[in-house]
Amino acid sequence: MGEHLISCNDLTVYEIEKLLSIAQYFETKQQGLPNISSVFRDKFIANLFLEPSTRTRFSFEVAEKKLGANVLNFQSGASSIQKGETLYDTLKTFESLGIDVAVIRLSEENTLEKLKGAINVKIINAGEGRIAHPTQALLDLYTIRKYFSTIKGLKVAIIGDIAHSRVARSNINVLKKFGANIILSGPSNLIPDDLHEEYLPIDEAIAQANVVMMLRIQFERQTISLVDSVEEYNQKYGLTKKRLAYLHPDAIILHPAPVNRGVEMDDVVVEHAQSKIFEQIANGVFVRMAVIERALGGEDIGYYH
Ligand code: CP
């Protein structure tokens, strides 16, 4: 009962459609979710963030509380991980405690896929190294759909530090399933060799795009040594006030945030009418409610379907 969410690779178009339609249901019903707190009141969810997070962590916590589940926030610094306990043993401990779902963010890659078969706790990936951030891609798709009736043929320009971006990888995966055309742009040393999407200089990428998805330079992954200076980066690769002149009037601007204001994006662009950054954050709650409901086996419980 219930499903892991490790990667968007594991989701079919049908499953994504279903998740987004449940998210839509939660968004429209947010003022009056019938009986929901009683359905999930015996369920326990642990949020285990081994890398910093604001949006994803709190978005999951809000979503879990809206669903009426019991929320446990794991404090890595105060846990036995500090005594050398492995993630596997931490999750085995959760299993023994009767925890149903673990929402996990971590730097190590290709770890969650292995763990999911070894424990009786459903895992939701909240960001895994550079490889996957599935709930971010789902909430981005949900946001794009509010502005475009179909994804097929849509031009989505992903611009910035793509090499270190789990958001880029999960988005490319999901958007291509729905027929979007992906354009990559940014410093050539931050475009990974294994991504074979069209590459365009930034001005052209912005001019062609229906959706401009800006990415943060991931300083914490030592990218700073790969760019000359933040000022130069802003001039060469940033979505500056000046570059707004290239933006189509119907295009939208996305960014997973946190934003390095004045680096990949000027202040005025963050607050621009075509920027949907804060809507992305709001939409994340409903999408994560749908993902949690799926992990808890809501369909089997018969709450909503
Ligand atoms: N977009 C995103 O993952 O933000 P946080 O790192 O704040 O969770």
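Each ligand, and each atom within it, is numbered from 1 in the order the structure gives. Numbers for residues simply follow the sequence, beginning at 1. Here the structure is a predicted model, which is why all the values come from computation and not from measurement.
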Electrostatic pair Arg261-Glu271, nearest N-O below 4.0 angstrom: yes

Side-chain ion pair, Arg166 and Glu51, N-O less than 4.0 Å: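 Glu51 and Arg166: salt-bridged.
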
Donor-acceptor side-chain pairing of Asn47 and Glu64 below 3.5 angstrom: yes

Residue part near ligand 1, for Ala257, under 4.0 Å between non-hydrogen atoms: backbone

Under 4.0 Å to a heavy atom of Thr54 - the qualifying atoms of ligand 1, by number: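 Checking each atom against Thr54, I get 5 (P), 7 (O), 8 (O).
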
Element-labelled atoms of ligand 1 that are located less than 4.0 Å from some non-hydrogen atom of Pro256: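 Those atoms are 1 (N).
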
Atom 6 (O) of ligand 1: the protein heavy-atom neighbour that sits closest, reported with distance to 0.1 Å: Arg105 NH1, 2.8 Å

Minimum non-hydrogen distance to atom 4 (O) of ligand 1, winning option of Gln136, Arg55, Arg166, His133: Arg55

His4 and Asp10, any side-chain heavy atoms less than 4.5 Å apart: no

Closest approach of Val270 to Met265 (non-hydrogen atoms, all atoms of both residues): CG2-SD, 3.6 Å

